There are 2 protein chains.
Amino acid sequence: MKGFLNFLILWLISKEKMTGAEIAVELEKRKGHKPSPGTIYPVLKELKDKGLLSMDDNKRYSLTKQGKKELEIGLNTFFETFCDIDEMRSCCKK
Amino acid sequence: MKGFLNFLILWLISKEKMTGAEIAVELEKRKGHKPSPGTIYPVLKELKDKGLLSMDDNKRYSLTKQGKKELEIGLNTFFETFCDIDEMRSCCKK
DNA sequence: AAGAAAGTATCGGAAATCCGATACATTTAT
DNA sequence: ATAAATGTATCGGATTTCCGATACTTTCTT
């Protein structure tokens with residue numbers, strides 16, 4: 001997995017097919033900041049070129065088999081990095 | 001909060017006082033990659049200059065009051081960004 | 001006490017990340 | 001059917017992030 005955004009986008013798409021615009025809106029909701037077109041589309045292109053994403057007729061992206069595999073790798077390192085995530089949460093919730 | 005590494009370092013230090021070297025080792029354990037001196041020390045300096053960290057006589061860093069506040073902000077956006085983290089975990093565990 | 005080893009710090013530059021401008025395509029509204 | 005609005009895509013460049021080299025300091029070994 002390369003970047004933070006790549007990982008997050010893979011995760012979002014794994015939950016449901018999305019267009020670039022939809023992804024941008026969702027990222028704004030979550031992070032509080034909408035990525036510019038110059039950010040989002042190159043990332044999507046990169047992921048597609050790597051064979052992690054495929055696009056349907058309505059320009060909605062979904063994960064390929066390889067994309068799912070890559071996401072799983074990303075999830076693993078994510079939870080290794082944040083191995084104490086429950087502690088983080090309880091620390092946050094007060 | 002600025003970068004990913006800054007956030008992670010704040011979190012680590014919040015759990016226990018650490019030196020730069022100790023932080024580097026812990027990051028290697030978690031992410032599988034040890035940051036170089038040229039990465040870790042400038043970050044620590046930046047956080048110290050911003051008043052988020054203080055250093056004791058043994059060069060161990062700990063969070064200042066402001067650092068704790070900043071960490072809390074970071075934790076909040078973290079869990080907003082990964083609002084479906086339980087889903088991520090269950091997806092990972094198979 | 002002297003040398004070796006490990007830790008700390010800084011610097012310049014490579015690479016990654018992200019943006020705003022621009023152009024083009026598609027959809028929506030009139 | 002035309003215009004407006006929205007979405008998609010690309011490009012150049014600004015910024016951020018990170019590294020490896022180097023130098024210095026501190027700690028350990030003998």
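Nothing here was measured: the structure is a model prediction, and the numbers come from that model.
Taking atom CD of B/E28 as the reference point, atom P of D/dC18 lies 16 Å away to the nearest angstrom. Between A/K31 atom NZ and C/dC19 atom C1' there is a gap of 13 Å when expressed in whole angstrom units. D/dT17 atom P lies 15 Å from atom CG of B/L44, rounded to whole Å. Atom CD1 of A/I23 and atom P of D/dT8 are 9 Å apart (whole Å). Atoms CD (A/E46) and C1' (C/dT17) sit 11 Å apart, rounded to a whole Å. Atom C1' of nucleotide C/dT27 and atom CG of A/D57 are separated by 16 Å, given to the nearest angstrom. Remark: P of D/dC18 and CG of B/L8 are 11 Å apart, rounded to the nearest angstrom. Rounded to whole Å, atom P of D/dT15 lies 25 Å from atom CZ of B/F4.
Annotation: A/K69, atom NZ; neighbour count of heavy atoms from other residues, nucleotides and ligands within 6.0 Å does not exceed 12. Shown here is A/K45, whose NZ atom has no more than 12 heavy atoms of other residues, nucleotides or ligands within 6.0 Å.
Taking 4.0 angstrom as the limit, A/H33 places none of its side-chain polar atoms (N or O) nearer than this to OP1 or OP2 of C/dC18. A close approach under 4.0 Å does not occur between any side-chain nitrogen or oxygen of A/S36 and OP1 or OP2 of C/dC18.
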Please list each protein N or O that sits under 3.5 Å from an N or O in nucleotides 6-8 of chain C, with the distance.
from	atom 1	to	atom 2	distance (Å)
C/dT8	OP2	B/A21	N	2.7
C/dT8	OP2	B/Y41	OH	2.7
C/dT8	O5'	B/Y41	OH	3.2
C/dT8	O3'	B/K59	NZ	3.3

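A pairwise comparison of heavy atoms in A/C91 and B/L75 identifies SG-CD1, 4.0 Å as the closest pair.
Taking the six-membered ring wherever Trp is involved, the centroid distance between the rings of B/F79 and A/F82 does not fall below 6.0 Å.
Under the 4.0 Å criterion applied to side-chain N and carboxylate O atoms, A/K29 and A/E26 are assigned as salt-bridge partners. Ion pairing between A/K50 and A/E70 fails under the 4.0 Å rule for side-chain N and carboxylate O.
Using a 4.0 Å heavy-atom criterion, one finds that A/P35 contacts the sugar-phosphate atoms exclusively.
Comparing atom distances between the A/L5 side chain and each of C/dC18, D/dC18, C/dT10 picks out C/dC18 as nearest.
Taking the six-membered ring where the residue is Trp, A/F78 and B/F78 present parallel rings, their angle staying beneath 30° rather than reaching 60°.
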